Structures are given as structure tokens and as C-alpha cells.
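In listed order, ligands and their atoms are each counted from 1. Atom set for the values below is all heavy atoms of this structure, side chains included, hydrogens, waters and symmetry mates excluded. Predicted, not measured: the structure shown is a model, and the values here were computed from it.
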Amino acid sequence: MRRIRGDRPEDRVVGQGDRALHEAIFLSRFTPHVTMLGTHASDFSTSTRRAAGERGILIHHTLDRLSPAADGCTAMLQDGTTCRFDAVYAALGCKVRSQLALGLGARCCAEGYVTVDEHQQSSVDGMYAIGDVVKALNQIAVAFGQAAIAASHAHRELTA
Ligand SMILES: Cc1cc2nc3c(=O)[nH]c(=O)nc-3n(C[C@H](O)[C@H](O)[C@H](O)COP(=O)(O)OP(=O)(O)OC[C@H]3O[C@@H](n4cnc5c(N)ncnc54)[C@H](O)[C@@H]3O)c2cc1C
């Protein structure tokens, strides 16, 4: 195993695929050292490679495996070389799993997210939706906030 040429220990890594570019550009506002990792050359289109190159974002498309290290994460490439990163972010996209809500008759948007009002209430009376099943920023703090809004409204409705 050897460190790859130009390996910078402070690098950040972003998942795989073209969708990773958006995330990588976001991260590049916080650090000039961002690398995108994929497992096949086809993970990154020509336009993605060009856009990444223009922003100084490196690409390795031969990721074999990632392992946690005491001070970050080690990526081993398919040829046995290794690189160390401070942090790794998965940018694999997400699949909306709203089948349960859909099955109960809740209205969903074309992308599959449950449609809610300002109280997080779905189109089914008394059924609320929060978190990743609702179209918003997919973050824990958002899910918690939405849960608080839904719980407060449900409480008010029950005690009205
Ligand atoms: C790799 C990764 C890294 C992330 N990092 C961050 C981060 O650093 N900070 C941050 O804020 N957010 C992060 N997120 C996003 C965050 O995890 C989500 O936004 C948050 O967990 C959404 O909460 P939720 O309750 O909507 O969904 P979930 O946490 O996914 O909970 C849904 C639960 O419902 C269960 N479930 C689904 N369908 C059924 C069913 N039919 N029957 C019974 N149970 C079911 C699931 O098993 C799951 O336990 C990350 C997400 C991923 C995938």
C-alpha cells in the first residue's frame, strides 16, 4: 500500500456519481480540498469531470473500500493505493419511501414526497408526515422541527 501522489490529509470525500458534484461544490466553499470517489469511470460524466476540474475538485473513480481511521478515513483504491481523508460524506441520492402514506390515501407529489400543509398535516385528516418523507432539507434538525410542529398541532386538535 502506498499513499497516492498529491494525497492531502485534509481532503474531504464525497460519495459517487454525478449527483456528488452538487455536494462537492457545496463542500468546496468550506475547504479547497475536496475529492469525489466513485467505483467506475462511468460514475462521472464528462461534464461532471469538467465542472469538478474547473473548481479544483479531484476525482478518483476506482474506489475499492473505505475504512475508518483514528484521524479520519482511509480509502483504498482498486490498484492498492490508499488516501486518507478527514471526513467522508455519502452523496448517493435518496429514494422516497412513502408507500405506507400513499396506501393510506395521502397525496404525494410527483417525486413521491407526502404533501403536507403548514402544520405537517397530510391530505388525510389526522395524519401527519415529517422528515425525509416530506420534501425539505433531509436533515435531522429539520425532521425534529417538523415533528414538533406536527405534535403541537395534533395536541391542539385533540384538545380543541
Ligand atoms: C449516510 C447518511 C448520512 C447522513 N448524515 C446526516 C448528518 O450528518 N446530519 C443530518 O442532520 N442528517 C443526516 N442525514 C439525514 C438524516 O439521517 C435524515 O434526514 C433523518 O434521519 C430523517 O429522519 P426520518 O425520521 O424522516 O427518517 P429515518 O431516520 O430514515 O427513519 C425512518 C424509520 O422508519 C422505518 N420505516 C420505514 N418504512 C417502514 C415501514 N413500512 N414500517 C415500519 N418502519 C418503517 C425505517 O426503518 C426507519 O427506522 C444522513 C443520512 C444518511 C443516509
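Taking a distance limit of 4.0 Å, we find that atom 18 (C) of ligand 1 is approached by some protein heavy atom. Atom 29 (O) of ligand 1 is not flagged as protein-proximal [any protein heavy atom, distance under 4.0 Å]. Per-atom contact check: atom 44 (N) of ligand 1 does not touch the protein, criterion being a heavy-atom distance below 4.0 Å. Within the 4.0 Å cut-off (strictly below), no protein heavy atom is located near atom 47 (O) of ligand 1. Per-atom contact check: atom 36 (N) of ligand 1 does not touch the protein, criterion being a heavy-atom distance below 4.0 Å. By the definition of a contact as any protein heavy atom under 4.0 Å away, atom 26 (O) of ligand 1 is in contact. Closer than 4.0 Å to atom 53 (C) of ligand 1 lies none of the heavy atoms of the protein.
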Candidate pair Thr48 and Met36, rule side chain to side chain contact (heavy atoms under 4.5 Å, CB included), full reasoning: CA-CA 10 Å; Thr48 292; Met36 295 200 288; 3.9 Å; yes
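Closest approach of Gln121 and Gly126 over heavy atoms only: OE1-N, 2.9 Å. Taking each heavy atom of Val134 and Gln146 in turn, the nearest pair found is CG1-NE2, 4.1 Å. Nearest approach of Arg49 to Phe44, heavy atoms of both residues: NE-O, 3.2 Å. Across all non-hydrogen atoms, the minimal contact from Thr74 to Ala69 is OG1-CB, 3.8 Å. Contact record, Ile130 with Ala147: CG2-N, 3.7 Å, taken as the closest heavy-atom pair.
Against a heavy-atom cut-off of under 4.0 Å, Gly131 is close to the following atoms of ligand 1: 26 (O).
Heavy-atom distances between Val133 and ligand 1 stay at or above 4.0 Å for every pair.
Within the 4.0 Å heavy-atom criterion, both parts of Asp132, backbone and side chain, lie near ligand 1.
Distance from atom 23 (O) of ligand 1 to its nearest protein heavy atom, with residue and atom name: Ala143 CB, 4.0 Å. Residue, atom and distance of the protein heavy atom nearest to atom 42 (N) of ligand 1 are Leu100 CD1, 4.2 Å. Closest to atom 1 (C) of ligand 1 among all protein heavy atoms lies Ala90 CB, 4.1 Å. For atom 15 (C) of ligand 1, the nearest non-hydrogen atom of the protein is Asn138 O, 3.5 Å. Closest protein heavy atom to atom 10 (C) of ligand 1: Ile140 N, 3.6 Å.
Leu27 pairs in a side-chain contact (heavy atoms from CB on, under 4.5 Å) with only one of the listed residues (Ile57, Val34, Thr35), which is Val34.
A donor-acceptor pair is defined here as one N or O able to donate and one able to accept, closer than 3.5 Å; such a pair exists between the side chain of Arg84 and the backbone of Asp71.
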Let me have the donor-acceptor pairs involving side chains of residues 94-111, under 3.5 Å, with sequence neighbours excluded, atom names and distances please.
{"unit_1": "Ser98", "atom_1": "OG", "unit_2": "Gly112", "atom_2": "O", "d": "2.5"}
{"unit_1": "Glu111", "atom_1": "OE1", "unit_2": "Lys135", "atom_2": "NZ", "d": "2.7"}
{"unit_1": "Glu111", "atom_1": "OE2", "unit_2": "Lys135", "atom_2": "NZ", "d": "3.2"}

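Pairs of residues two or more places apart, or lying in two chains, that qualify as ring-ring contact (aromatic ring centres under 6.0 Å, His included) and include a residue from residues 93-122 are His119-His153.
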